[in-house]
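Input: a single structure, listed below in structure tokens.
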Amino acid sequence: EVRAEIETLKKASVAHRASIADLRRQVSALEKELRKVAKGSARQAPAAAGAAGDDADAGGPKRRFSANRLAAHRAKLGLSAAIYGQLVGVSGQTIYHWEQGKARPRAAQLERLATVRELGAREIAERLEAQ
């Protein structure tokens, strides 16, 4: 009689554990979605604020950044991310993150990227030899 009762309790325990695991998965998915939405709204807010304040910045041309173009330029030159990073003044990991879209260069780094893009293959080789 006790064994029968224990069996029903075990079955109930298994069912509860399964439902707890399902609830944890749901919570995890919702937290992930919340982070994604928060990240998207955080990116839109500075972009809107930056668009309003761009007229005040007359310090030079506004530089645009494209992760695909950076990767294509580096591939065209046949350079590793670490070596390309030396030219720009950042680490190879930073170059990789820029190419993957995980990060964006700051304004000063955009200027250095622009100067590297203007260099030819020979000039780049000379700079690398000098370093």
Side-chain angles (χ1 to χ4, degrees):
E1 147 185 355
V2 173
R3 285 185 182 171
E5 216 170 296
I6 289 176
E7 283 300 317
T8 59
L9 289 174
K10 281 184 181 179
K11 288 180 183 178
S13 175
V14 167
H16 290 308
R17 286 182 184 193
S19 67
I20 288 170
D22 186 42
L23 289 171
R24 283 186 178 160
R25 282 190 291 272
Q26 287 178 0
V27 167
S28 177
L30 288 172
E31 286 175 341
K32 184 176 180 182
E33 188 175 339
L34 179 63
R35 283 192 301 269
K36 187 176 178 183
V37 168
K39 190 175 185 181
S41 65
R43 284 185 180 172
Q44 290 175 354
D54 281 347
D55 297 338
D57 295 335
K62 180 113 169 96
R63 298 284 183 191
R64 294 181 297 169
F65 173 74
S66 169
N68 291 334
R69 288 184 182 239
L70 175 64
H73 185 248
R74 186 172 68 83
K76 180 182 122 181
L77 295 173
L79 300 176
S80 70
I83 292 174
Y84 198 88
Q86 285 178 357
L87 291 169
V88 179
V90 297
S91 69
Q93 189 69 32
T94 301
I95 297 292
Y96 177 75
H97 280 239
W98 290 348
E99 290 177 351
Q100 298 301 310
K102 294 179 180 178
R104 293 186 57 82
R106 295 186 186 113
Q109 295 165 335
L110 277 174
E111 293 299 323
R112 291 195 303 253
L113 277 171
T115 58
V116 170
R117 284 195 56 89
E118 292 170 358
L119 298 176
R122 289 187 191 122
E123 293 169 315
I124 287 175
E126 288 172 4
R127 281 195 180 192
L128 289 173
E129 287 176 11
Q131 291 178 354

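- The distance from the CZ atom of R117 to the NZ atom of K76 is 7.0 Å, given to the nearest 0.5 Å.
- Counting all heavy atoms, side chain and backbone alike, I95 lies closest to G85 at CG1-CA, 3.6 Å.
- E118 places no side-chain N or O within 3.5 Å of a backbone atom of T115 that could act as its donor or acceptor partner.
- Residues satisfying the side-chain contact (heavy atoms from CB on, under 4.5 Å) test with E1, not counting sequence neighbours, are none.
- Taken together through direct or relayed side-chain contacts under 4.5 Å among Ile, Leu, Val, Met, Phe, Trp and Tyr, L110 and L87 form part of one hydrophobic cluster.
- Residues A67 and G101 share a closest heavy-atom pair of CB-N, 4.4 Å.
- Heavy atoms from other residues, nucleotides or ligands lying under 6.0 Å from CD of Q100 number more than 12.
- Scanning all heavy atoms of the two residues, the minimum distance from E99 to R74 falls at OE2-NE, 2.6 Å.
- Shown here for V116 and I124, the closest heavy-atom pair between the two residues is O-CD1, 4.3 Å.
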Intermediate values then yes/no, side-chain contact (heavy atoms from CB on, under 4.5 Å), R104 and F65: CA-CA 8 Å; R104 293 186 57 82; F65 173 74; 3.7 Å; yes
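- Minimum interatomic distance between L119 and E123 (heavy atoms only, all atoms of both residues): CA-OE1, 3.3 Å.
- Residues H16 and S19 come closest through the heavy atom pair O-OG, 2.8 Å.
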Worked check of side-chain contact (heavy atoms from CB on, under 4.5 Å) between L128 and Y84: CA-CA 9 Å; L128 289 173; Y84 198 88; over 6 Å; no
